[in-house]
Amino acid sequence: MPVAAGAAPTGEAHEDRGAMLREVKIRHAGKLYTAQLDAGATASGDAPPLPGRGRWHVTLGPTAITSFEARPDDTAERVRERVLDWLDAQADLSDRDQVHLGGG
């Protein structure tokens, strides 16, 4: 079955260079993390700020893990590398039960 222009076949990662990257999936130590870009879109529906502004919010299931500033040169691979570097530096996060929202 042909794939529509701009679409990726099932199971393949796809990065549309014409659109702002919004989400990256990262597998680490057998767990699936998600990095989602909050580009600061307004409630009125105004256009979001320029690429590279905003924050990447990293979650494990429904649990917020960390966030970091977006960069103008972010690609799926660069975001994945940044998340993996951060996770590798957090040896105490190997058990999800140790993650608490609100610092508690």
Side-chain angles (χ1 to χ4, degrees):
M1 174 185 229
V3 177
T10 304
E12 288 185 25
H14 176 70
E15 183 178 341
D16 182 352
R17 298 205 184 272
M20 186 185 305
L21 181 63
R22 300 260 183 212
E23 182 175 283
V24 179
K25 300 285 186 182
I26 303 103
R27 187 162 301 279
H28 181 269
K31 297 178 182 174
L32 185 62
Y33 295 84
T34 302
Q36 291 183 309
L37 180 63
D38 174 2
T42 65
S44 68
D46 293 340
L50 297 173
R53 298 209 179 143
R55 294 194 69 76
W56 287 101
H57 296 274
V58 181
T59 58
L60 175 58
T63 305
I65 304 297
T66 191
S67 69
F68 52 90
E69 287 185 32
R71 296 178 180 162
D73 62 347
D74 278 341
T75 63
E77 187 57 33
R78 286 183 178 150
V79 171
R80 186 175 292 107
E81 287 173 6
R82 290 171 66 193
V83 172
L84 289 172
D85 287 346
W86 186 87
L87 288 168
D88 287 342
Q90 312 303 314
D92 58 332
L93 278 182
S94 61
D95 181 5
R96 182 177 169 179
D97 294 337
Q98 297 174 0
V99 178
H100 302 283
L101 294 175

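On a predicted model such as this, the values are computed, not experimentally measured, just so you know.
- One finds the CZ atom of Arg82 at 8.5 Å from the CD atom of Glu69 (value rounded to the nearest 0.5 Å).
- Taking every heavy atom of both residues into account, Ala35 and Val83 meet most closely at CB-CG2, 4.4 Å.
- A search for salt bridge (Lys or Arg N to Asp or Glu O under 4.0 Å) contacts involving Glu23 returns Lys25, not counting sequence neighbours.
- Annotation: side chain of Tyr33 is not in contact with side chain of Leu84 (no heavy-atom distance under 4.5 Å).
- Here Asp38 contributes atom CG and Arg55 contributes atom CZ; the two are 9.5 Å apart, rounded to the nearest 0.5 Å.
- Atom CG of Leu60 and atom OG1 of Thr66 lie 13.0 Å apart (nearest 0.5 Å).
- Within the 4.5 Å cutoff, the side chain of Asp74 has heavy atoms near those of the Trp56 side chain.
- Look at Glu81 and Arg78 and you find no salt bridge, because none of the NZ, NE, NH1 or NH2 atoms lies under 4.0 Å from a carboxylate O.
- Hydrophobic clustering of Ile, Leu, Val, Met, Phe, Trp and Tyr side chains at less than 4.5 Å, counting indirect connections, keeps Val79 apart from Leu32.
- Side-chain atoms of Asp88 never come within 3.5 Å of backbone atoms of Asp85 as a donor-acceptor pair (strictly under, hydrogens ignored).
- A distance of 13.5 Å separates NE2 in His57 from CD1 in Ile65, rounded to the nearest 0.5 Å.
- Contact record, Val24 with Ile26: O-CD1, 3.5 Å, taken as the closest heavy-atom pair.
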